[in-house]
Amino acid sequence: ASLNAAHYQTRGYRENTFLDKNQLNAKLAYPISQAVELTGSFRMHDDEYGLAGPVDIGAIGDSRLRRQAATPYGGGETHDYAGDVGAAVDWGKAGKTQLKLAYRYRDNPYETANYWSPDQSAVNPWRNAFQHREIDLRHRFDLDVGPVGQNWTFGYYRRLGSVARHENGTDIPTQSQLQQADFDNRSGFVNTAWYLPIPLIFNAGYRRDSFSLQREANKYDLVCRYAPVFPFQPLGCDARWLNQSRGNAGWRSYAADLGLTWNVNDRLTWYGSYNRSFRNPNPEELVLSAPDIQPQRGNNWETGWRARSQDGNELSLALFRMTNQQEIYYDNSVNRNYGETTRRRGLELAGKFHPRADLTLSGNFGYIDARFADSGLRMPLVPGLKGQIGLLWHATSRLSLSVSADYVGMRNNGANLAKDVNEARLKAYQTVDLKAFYQLAGAEIFAGVGNLFNAFYETSAYGGAFYPMPGRQAYLGLTYTFPST
């Protein structure tokens with residue numbers, strides 16, 4: 001069994017970017033016998049936060065203006081509760097069966113302008129809410145066919161749920177609106193890995209998926225009655241929810257993957273893989289989406305090498321190519337599909353080295369060419385270059401110190417979706433972080449400084465609206481693990 005609780009509170013870097021959150025996680029596993037085990041878990045998350053909104057592009061270089069809030073009273077709350085129960089049965093040579101039943105409820109009232117306003121009469125919050133139930137059933141077994149060792153997993157998954165979005169309050173005549181949807185997602189899958197008598201491992205998988213969706217839009221409006229004779233005087237009005245639109249959708253998708261791993265020797269491995277993928281819109285996207293949103297579908301290739309030395313040094317190189325049709329994105333208003341196919345090609349290089357027993361030097365570098373396939377435009381908000389390097393020093397058996405530096409290259413503005421749109425790009429930036437950890441009798445004391453040199457940077461922008469990220473910040477914390485009995 002385990003129980004974790006946390007409280008986090010910050011005023012935030014900018015005006016009205018405070019966050020106050022509480023979290024609780026509990027897990028329990030109870031073995032009835034050597035072959036049967038019951039499990040359960042519960043998760044709770046509650047928070048309150050401010051929404052500062054963007055700043056104008058002219059303010060991002062000014063240390064004072066970039067901290068100001070466009071919406072000093074915007075904000076919201078989140079109430080997120082989830083739990084699951086499960087069982088596992090070990091049938092010996094026949095394999096192992098696992099079953100999990102889960103439920104989740106999430107409620108998120110917010111208002112971009114006046115949620116925390118002293119004048120509560122001005123608050124007409126919007127509200128996103130969803131709930132779903134899940135079942136996950138799978139069976140895994142091992143099989144030997146001559147010299148070939150195999151493992152197989154067969155499974156079934158189902159999620160049923162509903163999402164709702166209230167706009168402009170919940171009961172304001174002529175203003176309140178309600179978007180809601182019910183969905184039913186079912187899929188079956190099989191995965192296998194074959195261990196060949198030569199140093200090759202073959203793996204494959206297949207998933208068949210169906211997603212049914214019922215959507216409707218309603219408006220809280222006035223329905224008035226009038227006298228049947230001229231001059232048709234009004235007799236009174238009642239406020240009612242009136243349906244504005246209703247529609248159903250059904251999507252059938254499949255995913256498949258093939259992979260091969262070659263263990264050249266104990267220290268060098270090559271791998272290659274292909275997968276055809278899909279992604280249905282998730283509940284957060286469905287609640288704020290274009291009426292014609294569709295699943296995105298992709299084809300992905302990857303190959304690479306992994307090398308390991310006897311003293312624990314590691315080096316890896318990966319090359320990849322990804323194409324997506326109808327990729328889902330947020331256009332700063334609703335979630336929708338790109339009209340063009342997107343294509344990403346690139347490489348990733350990562351390594352970990354131990355110059356001394358108490359030192360670990362790690363780093364990674366990535367290059368990606370992300371474009372729309374037809375127009376050749378670079379995709380918005382995707383950096384072409386990224387890199388990170390870090391050094392961890394175990395100064396004593398209790399004290400560890402680390403320093404890390406990150407680099408993110410230039411990115412296209414989120415509004416640059418056509419050749420005739422040329423909004424300002426997001427500049428490249430570098431940050432440096434320091435951390436320290438000290439172990440003491442079941443407790444860990446940690447402290448750090450983020451963005452040590454107070455770099456000004458942004459991770460998203462739409463047109464002239466930029467979202468500044470925090471400057472230099474310091475933190476101190478404590479974790480304690482209670483001894484088990």
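Here the structure is a predicted model, which is why all the values come from computation and not from measurement.
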Original post:
Where the side chain of N454 meets the backbone of G471, is there a donor-acceptor pair that is under 3.5 Å apart?
Top reply: no

**OP:** Decide yes or no on side chain to side chain contact (heavy atoms under 4.5 Å, CB included) for R344 and T342, but give the supporting numbers first.
**Re:** CA-CA 7 Å; R344 295 170 174 85; T342 61; 3.7 Å; yes

Subject >> Non-hydrogen atoms of S162 and F183 that approach each other most closely >> reply: N-CE2, 3.8 Å

Subject >> Other residues, nucleotides, ligands: >12 heavy atoms within 6.0 Å of R11 CZ >> reply: no

Original post:
Are any side-chain N or O atoms of E216 and backbone N or O atoms of S245, one a donor and one an acceptor, separated by less than 3.5 Å?
Top reply: no

**OP:** Find out whether the Lys NZ or Arg CZ of R345 is both under 6.0 angstrom from the six-membered ring centre of F320 and within 45° of the ring's axis.
**Re:** no

Original post:
For the side chain of R425 and the backbone of E423, is there at least one donor-acceptor N/O pair under 3.5 Å apart?
Top reply: no

**OP:** Determine the interplanar angle of the Y338 and F372 rings, folded into 0 to 90°, and report it as parallel if under 30°, tilted if 30 to 60°, perpendicular if over 60°.
**Re:** perpendicular

Original post:
Does NZ or CZ of R66 come closer than 6.0 Å to the centre of the six-membered ring of F456, within 45° of the ring's axis?
Top reply: yes

Original post:
Can you check whether S460's main-chain N or O pairs, donor with acceptor, with E458's side chain at less than 3.5 Å?
Top reply: no

Original post:
What residues, two or more places apart in sequence or in another chain, satisfy side chain to side chain contact (heavy atoms under 4.5 Å, CB included) together with A249?
Top reply: L213, W251

Original post:
How far apart are the closest heavy atoms of Y271 and A318, and which atoms are they?
Top reply: OH-CB, 3.4 Å

Original post:
Between R14 (side chain) and Q68 (backbone), is there a donor-acceptor pair under 3.5 Å?
Top reply: yes

**OP:** Kindly assign one of parallel, tilted or perpendicular to the pair Y274 and W301, based on the angle between their ring planes and the thresholds 30° and 60°.
**Re:** tilted

**OP:** Just jot down the side chain to side chain contact (heavy atoms under 4.5 Å, CB included) partners of T71, sequence neighbours excluded, or say none.
**Re:** none

**OP:** Classify the angle between the aromatic ring planes of F154 and F141 as parallel (below 30°), tilted (30 to 60°) or perpendicular (above 60°).
**Re:** parallel

